[in-house]
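Down below is the structure, laid out as structure tokens.
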Amino acid sequence: MTTRAGRPQRRNQVLSREQIIDTAVGMLDAGGESALTIRALTERLSTGSGAIYYHVGTRDELLDTATESVIGATLATRPAGTAAAPGDEIRAVALALFDAIAAHPWLATRLTLQIVRNPVGPVTVGIFERIGGQMGALGVPRTSWFDAASTLVHYILGAVSQNARIEGDTSGIDPAGDRDAFVDAASTAWQGLDPEAYPFMHAVVGQLRGHDDREQFLTGIAVILDGLARLR
């Protein structure tokens, strides 16, 4: 029997929720949120929209689920060694989030939306529990736990969001732009500023050229941890 022309051939195997989520994450990585539509997903999986809605719900629910899947795996990261210090625990999860957003640029926006929209969801409570769970071991007074943990979480999310894929008006921005070329162009522009009007910019232009993003990120974590250790 021949297949009727014009109709996509369906999968014979049973489609799983995990397959849908993995495929959705791959599409998001390749093209951002605009690339992920139910129609595009059904074509990629050779299935019908009913299977998508049955397993994961609407497109917005799928985006939330994809976010929860990536962040859940990220939060499972643990520092090397069996007796890690609280600062090591925080640095491990912070770097894991940093690297996750570098690998999935669409994630920063969805991560922020999850925390704002769903304060009891697995993303929000997962991040706050991993970070906040170290406050007591750091010696932070219990009355300051929320403020201290929030400071760290806000810094981490703000810093990693610099690696986000920008949606909407991207005029003048090359989403596939080379980082080194951007840094070279920026440092050249800073060097061209009036040194009397912008002495600080001239003082740090060499540091801009040679800086490492992950090391810069860890420096911020270290500064905050040092400040938290002084809370009494």
| task | Give, for atom CD1 of Ile127 and atom CG of Leu97, the distance between the pair rounded to the nearest 0.5 Å. | result | 5.5 Å
| request: Report yes if the side chains of Val204 and Trp190 come closer than 4.5 Å at any heavy-atom pair, otherwise no. | output: yes
| Do you know the tightest heavy-atom contact between Met135 and Ala149? | SD-N, 3.9 Å
| said: Please check: side-chain N/O of Thr219 versus main-chain N/O of Glu215, any donor-acceptor pairing under 3.5 Å? | reply: yes
| field | Within-4.5 Å side-chain heavy-atom neighbours: Trp145 and Leu138 | value | no
| said: Once rounded to the nearest 0.5 Å, what's the spacing between atom OG1 of Thr124 and atom CD of Glu129? | reply: 12.5 Å
| query | Pairs in or reaching into residues 84-95: which pass side-chain hydrogen bond (donor to acceptor under 3.5 Å, both in side chains), with residues at least two apart or in two chains? | reply | Asp88-Arg91, Glu89-Arg130
| query | Between Val205 and Leu193, is there a shared hydrophobic cluster once you connect ILVMFWY residues whose side-chain heavy atoms come closer than 4.5 Å? | reply | yes
| Euclidean distance, Asp147 CG relative to His154 NE2, rounded to 0.5 Å | 10.0 Å
| Can you find a heavy atom in the side chain of Arg59 that is under 4.5 Å from one in the side chain of Glu33? | yes
| query | Hey, are the side chains of Leu228 and Leu152 touching, using non-hydrogen atoms and a 4.5 Å cut-off? | reply | yes
| task | Might you point out which heavy atoms bring Ile21 and Ala66 nearest each other, and give the distance in Å? | result | CG2-CA, 4.2 Å
| task | State, yes or no, whether a side-chain contact exists between Ile131 and Ile90 at a heavy-atom distance under 4.5 Å. | result | yes
| query | Between Ile71 and Leu107, is any pair of side-chain heavy atoms under 4.5 Å apart? | reply | yes
| Is a side-chain N or O of Gln114 found less than 3.5 angstrom from the main chain of Asp64, in a donor-acceptor match? | yes
| field | Arg110 vs Val123 side-chain heavy atoms within contact, under 4.5 Å | value | no
| Distance from Ile115 atom CD1 to Phe128 atom CZ, nearest 0.5 Å? | 6.5 Å
| note | Contacts of Arg17 meeting salt bridge (charged side-chain N to carboxylate O under 4.0 Å, His left out) (sequence neighbours excluded), chain-then-number -> none
| Does the side chain of Val70 come within less than 4.5 Å of Thr74's, by heavy atoms? | yes
| Taking atom CG of Leu41 and atom CD1 of Ile52, what is their separation to the nearest 0.5 Å? | 4.0 Å
| field | For Ala40 against Ala35, the heavy-atom pair lying closest together | value | CB-O, 4.0 Å
| task | Output yes when a side-chain donor or acceptor of His55 lies under 3.5 Å from a complementary backbone atom of Ser16, and no otherwise. | result | no
| Do Leu113 and Leu62 share a hydrophobic cluster, counting only Ile, Leu, Val, Met, Phe, Trp and Tyr and linking them when any side-chain heavy atoms are less than 4.5 Å apart? | no
| task | Go through Thr77 and Val93 one step at a time and tell me if the side chain to side chain contact (heavy atoms under 4.5 Å, CB included) criterion holds. | result | CA-CA 6 Å; Thr77 302; Val93 70; over 6 Å; no
| said: Using a 3.5 Å distance criterion without hydrogens, assess whether the side chain of Tyr155 forms a donor-acceptor pair with backbone atoms of Phe217. | reply: yes
| query | About how many Å separate OG1 of Thr23 and CG of Leu28, when rounded to the nearest 0.5 Å? | reply | 11.0 Å
| query | Any donor-acceptor pair under 3.5 Å linking the side chain of Glu61 with the backbone of Thr58? | reply | yes
| Between Ala51 and Ile20, what is the shortest heavy-atom contact and its length? | O-CD1, 4.0 Å
| message | Same cluster or not: Leu208 versus Phe200, using hydrophobic residues (I, L, V, M, F, W, Y) connected whenever any side-chain heavy atoms lie under 4.5 Å apart? | response | yes
| request: Taking all heavy atoms of Ile38 and all of Ser49, pick out the closest pair and write down the distance. | output: CG2-CB, 3.9 Å
| Any idea which heavy atoms bring Arg214 and Asp212 closest together, and the distance? | N-OD1, 3.0 Å
